[in-house]
> 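Take a look at this one; I'll ask things after.
Convention: sequence-line order gives letters A, B, ...; per-chain numbering from 1.
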There are 2 protein chains.
Amino acid sequence: MKNVWFKIEAMSAMRVALVNDYEVVAQGFLGMLRSYRDVLQVVEMDLRHNVSQPVDVTLYDTFAALQGDGEDVRQLAANPLAGKVVVYSWNLDPALVEAAFANGASAYLSKGLPARELVAALEAVHRGERPALAPERGAPQPVGGDWPGREEGLTPREAEVLALITQGLGNVEISERTHLSVNSVKTFIRSCYRRIGVTNRSQAILWGVEHGFRPDRGRIRLDEAGREPA
Amino acid sequence: MKNVWFKIEAMSAMRVALVNDYEVVAQGFLGMLRSYRDVLQVVEMDLRHNVSQPVDVTLYDTFAALQGDGEDVRQLAANPLAGKVVVYSWNLDPALVEAAFANGASAYLSKGLPARELVAALEAVHRGERPALAPERGAPQPVGGDWPGREEGLTPREAEVLALITQGLGNVEISERTHLSVNSVKTFIRSCYRRIGVTNRSQAILWGVEHGFRPDRGRIRLDEAGREPA
DNA sequence: CCTTTCTTCACCCCAAGGGGTGAAGAACGT
DNA sequence: ACGTTCTTCACCCCTTGGGGTGAAGAAAGG
């Protein structure tokens, strides 16, 4: 019933690429949209690569990555294959949002959106609209999706800070990358270390290396059924 | 001619195991003794494992490992399969040598020994003697052998300190492990960082992870020709 | 409403790390 | 003998990291 409705409304499924350096994040996104394959087809997930085939929308997930104002989004926006570039973040600072638009992004979506609203927003983007940003109060809580360390009990922010530690960034660098105060970064480091049972950075890095916190590399292409080829 | 002489003198080749956590080190040892296969047969190299088959002599290389006074040598000495335990180190501090003997080691050999003298010393050990330690002045320069980072230009000590950094140890811990002053450790860290082009520990750890400085794991058994089975 | 969790931030204080300088001895090569 | 490299150590000074305490707001659940 629902499938039929969407089929009438859309001539063909929108083609989407997801860009983020952590396969867990990419796979989590894929899982979240599993029910929407008739309207939205994730055809590619890029890990440290730019988009390689024509898509309608590229979703750039900022987890442990440069924000919307950085080089990555600029390059995506300049890539004719990438279609509309959407920054997908839980950092909703208006200044950052504006900077992302100035950097070539077509939309900026909160990671707090439930899947249904996310899909609707992506469709609006595809139609050339600029959907609202909601939720707008407080920091969004991720709905669906996945991140490294989730099974070990890390919160999204703890995971992101640990991922950046595992990339070798110092506290001030992480502060700049995430647009958080260095005090906030230290707080996340403290809670993260307690959670994973380490007491210094060296141990944290080694823990991260062994638990999927190193950026992955590669490109995952999906077939029409949303599966990775054998 | 030489082979015949040794064959008359020794009823069969002495069986030797090498214990160290870095495969490069183990392989370097093997290469150094390649010419002495008729008198000395390296039958096993153990990476983070105790000896698994009966050997006459176990050579414990202290590179980035506990010294002769530590738990590893104690366990080897207690292992009936290990035969005579020989500590093979470039740290010739008399107190440490004594402690190694008290810990169950049968001999303590300098890594500065050329291959020929090393083999002769091992034979003496096998016969029940306790060979002299030479060279006795200064720190021995390694003759033959191999260590991680050698191709990148790291000195043996720089490599050892980096290996311990990559294991997550702090400066004071490394100082204790190596029996060096913490000032010496800092000096090696400085020179090492300059050599590999990093400026902080995080980068050093990641460099180490990517360049073979993480302890390896496994056991390599060699056949009579000194080759690893296919 | 209260509790819990997550997020964000400030401030205090101390430990650990890192860059610099200098010194000395041993070994090796010219 | 001199120069170079490796090793070992000391000391100075500053930066970075980490543990603690406290505060506040938002969201979710009972």
> Does Leu59(B) reach the side chain of Phe29(B), with side-chain heavy atoms less than 4.5 Å apart?
yes
> Using a cut-off of strictly less than 4.0 Å, decide whether Asn183(B) has a side-chain nitrogen or oxygen near OP1 or OP2 of dA10(D).
yes
> Just how far, in rounded Å, is P of dG20(C) from CD1 of Ile189(B)?
14 Å
> For the pair made of CG in Asp93(A) and C1' in dT7(C), what is the distance, rounded to whole Å?
14 Å
> Any idea which heavy atoms bring Ala163(A) and Tyr22(A) closest together, and the distance?
CB-OH, 3.5 Å
> Is a side-chain N or O of His126(A) found less than 3.5 angstrom from the main chain of Leu122(A), in a donor-acceptor match?
no
> Side-chain N or O of Ser181(A) versus OP1/OP2 of dT8(C): is the shortest distance under 4.0 Å?
no
> Side chain of Leu180(B) only, please: which of dG18(D), dT7(C), dT8(D) is the nearest?
dT8(D)
> Going from CG on Leu18(B) to CD on Gln27(B), what distance comes out if it is rounded to the nearest 0.5 angstrom?
10.0 Å
> Among the nucleotides dG19(C), dG17(C), dT7(C), which one has an atom lying closest to any side-chain atom of Asn171(B)?
dG17(C)
> Side-chain contact test, heavy atoms from C-beta onward, threshold under 4.5 Å: evaluate it for Tyr60(B) versus Leu76(B) and give yes or no.
yes
> Please report the distance, rounded to the nearest Å, between CH2 in Trp90(B) and P in dA27(C).
16 Å
> Just how far, in rounded Å, is P of dA26(D) from CG of Leu92(A)?
14 Å
> Of the options Leu164(B), Asp21(B), Val25(B), which is the one that meets Phe63(B) in a side-chain contact (heavy atoms from CB on, under 4.5 Å)?
Val25(B)
> Does the base of dC9(C) carry an N or O that pairs as donor and acceptor with the side chain of Thr187(A) under 3.5 Å?
yes
> Return no unless some side-chain N or O of Arg194(B) is found under 4.0 Å from OP1 or OP2 of dG20(C).
yes
> Ignoring backbone atoms, test whether Arg201(B) places a side-chain nitrogen or oxygen under 4.0 Å from the OP1 or OP2 oxygen of dA16(C).
no
> With hydrogens left out and only the distance checked, is there a donor-acceptor pair under 3.5 Å joining Arg190(A)'s side chain and the base of dG19(D)?
yes
> Arg157(A) side chain N/O closer than 4.0 Å to the phosphate oxygens (OP1, OP2) of dC9(C)?
no
> Between dG19(C), dT8(C), dC9(D), which nucleotide gets closest to the side-chain atoms of Phe188(A)?
dT8(C)
> Checking all strands, does Thr155(A) fall into the base, sugar-phosphate, or nothing category for heavy-atom contacts under 4.0 angstrom?
sugar-phosphate
> Just how far, in rounded Å, is P of dA26(C) from CG of Asn91(B)?
17 Å
> Just call it for Ser191(B): base, sugar-phosphate, or nothing, with non-hydrogen atoms closer than 4.0 Å on any strand.
nothing
> In whole Å, I'd like the distance from the NZ atom of Lys111(B) to the P atom of dA27(C).
18 Å
> May I have the distance from Tyr193(A) (atom OH) to dT16(D) (atom C1'), rounded to whole angstrom?
11 Å
> Please report the distance, rounded to the nearest Å, between CZ in Arg195(B) and C1' in dT7(D).
12 Å
> For the side chain of Lys186(B), starting at C-beta, report the closest nucleotide among dG18(D), dC9(D), dG17(C).
dG17(C)
